[in-house]
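Residue numbers begin at 1 in each chain, while the letters A, B, ... track the order of the sequences. For the numbers below, each heavy atom of this structure counts, side chains included, while hydrogens, waters and symmetry mates do not.
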Amino acid sequence: MTLRVYDTRMREKRELSTLEEGKVSMYVCGITPYSPSHLGHARCYLAFDVVHRWLEASGYDVDYVQNFTDIDDKILDISDAEGVDYSVVANRNIEDYLDVMDAMNVLRADHYPRVTETISEIIEMISVLQDKGHAYVGDDGVYFEIDTVPEKFGQLTGQTLDMVRAGAGGRVADTGSGKRDHRDFALWKLAKPGEPSWESQWGEGRPGWHIECSAMSLNHFGEQFDIHGGGHDLRFPHHEAEIFQSECCTGREPVVGFWMHNGFVNVDGEKMSKSLGNFWTIREAFQNHTPLALRYALLSVPYRNPIDLTPEFLEDAAMHFERLIEAYGKSLSSHADSGTDLSGASERFAAAMNDDFNTRAAIIEVQAVVSAEYGSEVAAWLEKHAGEVLGLLPDSEEVLAGLAKADSAREEVAVRVEALLKERETSRESKDWARADEIRDELASMGVVVEDGPDGPAWRLT
RNA sequence: GCACGGGUGGCAGAGUAGCUAUGCAACGGACUGCAGAUCCGUGGACCCGGGUGCAAAUCCCGGCCUGUGCUCCA
């Protein structure tokens, strides 16, 4: 069985092939830490977490790099407003990001390079580009000149130079900068008074947005690497700019084997984004749903499709998640093998994941196993698939502790409940339905649900 | 406007030519004083119009709708 991955550049699913047998170098564009992370971020890093996990489960040795853009205009805006150093804002939001990702069982990347720790490599890369004639110095910074390699344009979006040159339907006014052409992009921005800056041969300044990723990937992986991931919105200009920078710097192409882009989280059919202001932070979402239930929700749609976030969607996922945990807990406590054959489920699960990481189809297999007869083999299967690969399970100790806690809560009220149930049975025998229902209501107010069955009433706590 | 995606039953979402997707919801039955849980079962879809094929949700052409990108953005 082969793993097929959709590549944005070739616009097709292809069998994964890597530069080095058995190894995968993966770079995913990280956050700009100017505010707490929102659900759009969660979706992205959850998606690539599953990519990471499945590659490892498939036997690959994955080297995963994710950057932090810890200096940027918006960070500066906020640090100005608060009267603190930009690093305070960046560090605070990076911590928030790592916390919520940990809570959602996102495995850490191997490296988290920061722009401010990559300045010398960035300057080196820009000067190579300048030496090779791809960059020029403008009034306010250094720019990449698209016209030096026009054939590289449009690889991820299919746009041609002419159509962008034409002015995007009149939307491109003056560039307000020292660019020669509005399609050129900044490599180095000269500092305005009071801004944090670093020394360079072009003057005090800081890196443009796109160059960091090229410098970091070159730094960690060398001239080429296997997978580059990020949100769909980064295809242009960010990722196309990276192609220009990296390939013009090293002369090697393609810089990236597979470009992967995740779809958006939408609210009312519109992209959730900080600029539109229609976002929920991950922490806000935690108030209504547990981190893992949220993880379940966001993985229940294939990573390239948009997710339309509604309360119903989240509640549906939370329900499935609870069933999963219940099944896992019961399987853990049943020490005997129930003899269920799970090989078909394993095969279908693997086929789903091998088809461009189709977590939706994989979760359907999990749901099928959840409704199978519980036994120790079910616990083992769930740990391997729902746990290791999808990251949906808490520690077994935690689940068992939850069960124990529920048991003791049950014990606490058991005597009283049993007494009331006995009285209710007496009422039922004498067909005093009013009294029987009254007792049931009373139990309900204690959080006890009564379910009559052929063997008499059963009860559980809500 | 241009580019790239997507339009499948109430919802989510598989399916790239022929054989039930699946889950939730709905409906029916069993069970039940009622309710709930459970079990069994049922119905229901392929945006529109052309074309190619013995056969199209699936391929081709046209149209419509929608998302994203073209500006900071996961």
In the strands shown, is [N] matched to any nucleotide by a Watson-Crick or G-U wobble pair with both distances under 3.5 Å, and which?
N: G44(B); value: none
N: C34(B); value: none
N: C19(B); value: none
N: U58(B); value: none
N: C70(B); value: G1(B)
N: A25(B); value: none

Assess the residue pair Asp184(A) and Tyr136(A) against the criterion (side-chain hydrogen bond (donor to acceptor under 3.5 Å, both in side chains)); give the C-alpha distance rounded to whole Å, side-chain angles, the decisive distance to 0.1 Å, and a yes or no. CA-CA 10 Å; Asp184(A) 294 345; Tyr136(A) 61 88; 2.7 Å; yes
Tell me whether the OP1 or OP2 atom of U16(B) has a side-chain N or O from Lys13(A) closer than 4.0 Å.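 Indeed not, no polar side-chain atom of Lys13(A) lies that close.
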Residue met sooner reading RNA chain B from 5', once Val265(A) and Met319(A) are mapped to nucleotides: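 On the 5' side of the pair lies Met319(A).
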Pair [X] + [Y], salt bridge at N-O below 4.0 Å:
X: Asp437(A); Y: Arg440(A); answer: yes
X: Lys179(A); Y: Asp140(A); answer: no
X: Arg295(A); Y: Asp49(A); answer: yes
X: Lys152(A); Y: Glu240(A); answer: no
X: Glu326(A); Y: Lys330(A); answer: yes
X: Lys192(A); Y: Asp73(A); answer: no

For Phe264(A), which residues count as a ring-ring contact (aromatic ring centres under 6.0 Å, His included) partner, sequence neighbours excluded?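 Checked Phe264(A) against ring-ring contact (aromatic ring centres under 6.0 Å, His included); zero matches.
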Touch check for [X], heavy atoms < 4.0 angstrom, all strands: base, sugar-phosphate only, or nothing?
X: Gln367(A); result: sugar-phosphate
X: Gly263(A); result: base
X: His320(A); result: sugar-phosphate
X: Val450(A); result: base
X: Arg435(A); result: nothing
X: Gly230(A); result: sugar-phosphate
X: Tyr45(A); result: sugar-phosphate

[X] [atom1] - [N] [atom2] separation (whole Å):
X: Gln159(A); N: G1(B); atom1: CD; atom2: C1'; value: 12 Å
X: Asp356(A); N: G6(B); atom1: CG; atom2: P; value: 12 Å
X: Arg235(A); N: U68(B); atom1: CZ; atom2: P; value: 12 Å
X: Met10(A); N: G5(B); atom1: CE; atom2: P; value: 14 Å
X: Ile439(A); N: A35(B); atom1: CD1; atom2: C1'; value: 15 Å
X: Arg9(A); N: C4(B); atom1: CZ; atom2: P; value: 16 Å
X: Met272(A); N: G67(B); atom1: CE; atom2: P; value: 16 Å
X: Leu443(A); N: A35(B); atom1: CG; atom2: P; value: 19 Å

Nucleotide N/O to protein N/O under 3.5 Å, stretch nucleotides 11-14 of chain B:
from, atom 1, to, atom 2, distance (Å)
A12(B), N3, Arg360(A), NH2, 3.2

[X], nearest nucleotide to its side chain (from [options]):
X: Arg440(A); options: A35(B), A74(B), G69(B); result: A35(B)
X: Lys271(A); options: A74(B), C4(B), G23(B); result: A74(B)
X: Asp437(A); options: U68(B), G33(B), C70(B); result: G33(B)

Looking at Ser300(A), is its backbone amide N or carbonyl O close enough to the side chain of Arg360(A) to form a donor-acceptor pair, meaning the two atoms are under 3.5 Å apart?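 Yes: the side chain of Arg360(A) pairs with the backbone of Ser300(A).
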Counting distance only, does the side-chain N/O of Arg424(A) pair as donor-acceptor with the main-chain N or O of Ala436(A) below 3.5 Å?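 Flag set: sc Arg424(A) to bb Ala436(A) pair under 3.5 Å.
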Please state the [atom1] separation for the pair [N] and [M] - nearest whole angstrom.
N: G15(B); M: C59(B); atom1: P; value: 12 Å
N: A45(B); M: U8(B); atom1: C1'; value: 6 Å
N: G13(B); M: C72(B); atom1: C1'; value: 33 Å
N: C60(B); M: G6(B); atom1: P; value: 12 Å
N: U68(B); M: A26(B); atom1: P; value: 32 Å
N: C19(B); M: A57(B); atom1: C1'; value: 15 Å
N: A25(B); M: C39(B); atom1: P; value: 12 Å
N: A14(B); M: G50(B); atom1: C1'; value: 28 Å

What orientation do [X] and [Y] show, parallel under 30°, tilted 30 to 60°, or perpendicular over 60°?
X: His38(A); Y: Phe279(A); answer: tilted
X: Phe153(A); Y: Phe236(A); answer: perpendicular
X: Tyr27(A); Y: His228(A); answer: tilted
X: His238(A); Y: His210(A); answer: tilted
X: Phe357(A); Y: Tyr303(A); answer: perpendicular

If a protein heavy atom is under 4.0 Å from the base, mark B; if only from the sugar-phosphate, S; if neither, -; do that for nucleotides 38-44 of chain B going 5' to 3'. -------
Of residues 67-79 of chain A, the positions that come close to RNA chain B - non-hydrogen atoms, cut-off under 4.0 Å: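 Heavy-atom cutoff 4.0 Å gives Lys74(A).
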Have a look at G53(B) and give me syn or anti from its glycosidic angle (syn if within 90° of zero).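 Syn conformation here, the glycosidic angle of G53(B) being no more than 90° from 0.
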Please list, pair by pair, any protein nitrogen or oxygen found under 3.5 Å from a nitrogen or oxygen in nucleotides 61-63 of chain B.
none

Are G33(B) and Trp433(A) stacked, with the base six-membered ring and the side-chain ring centres under 5.5 Å apart and planes under 30°?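 Whether judged by distance or by angle, Trp433(A) passes, so it stacks on the base of G33(B).
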Quick one, Gln155(A) with Trp259(A), criterion side-chain hydrogen bond (donor to acceptor under 3.5 Å, both in side chains). Give me CA distance, side-chain angles, the key distance, then yes/no. CA-CA 11 Å; Gln155(A) 290 189 46; Trp259(A) 285 95; over 6 Å; no
Sequence neighbours excluded, which residues qualify as side-chain contact (heavy atoms from CB on, under 4.5 Å) partners of Asp96(A)?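 Partners of Asp96(A) under the side-chain contact (heavy atoms from CB on, under 4.5 Å) test: Pro36(A), Ser37(A), Val100(A), Arg283(A).
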Answer yes if the ring centres of His261(A) and His239(A) are under 6.0 angstrom apart, and no otherwise.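 Ring centroids of His261(A) and His239(A) are less than 6.0 Å from each other.
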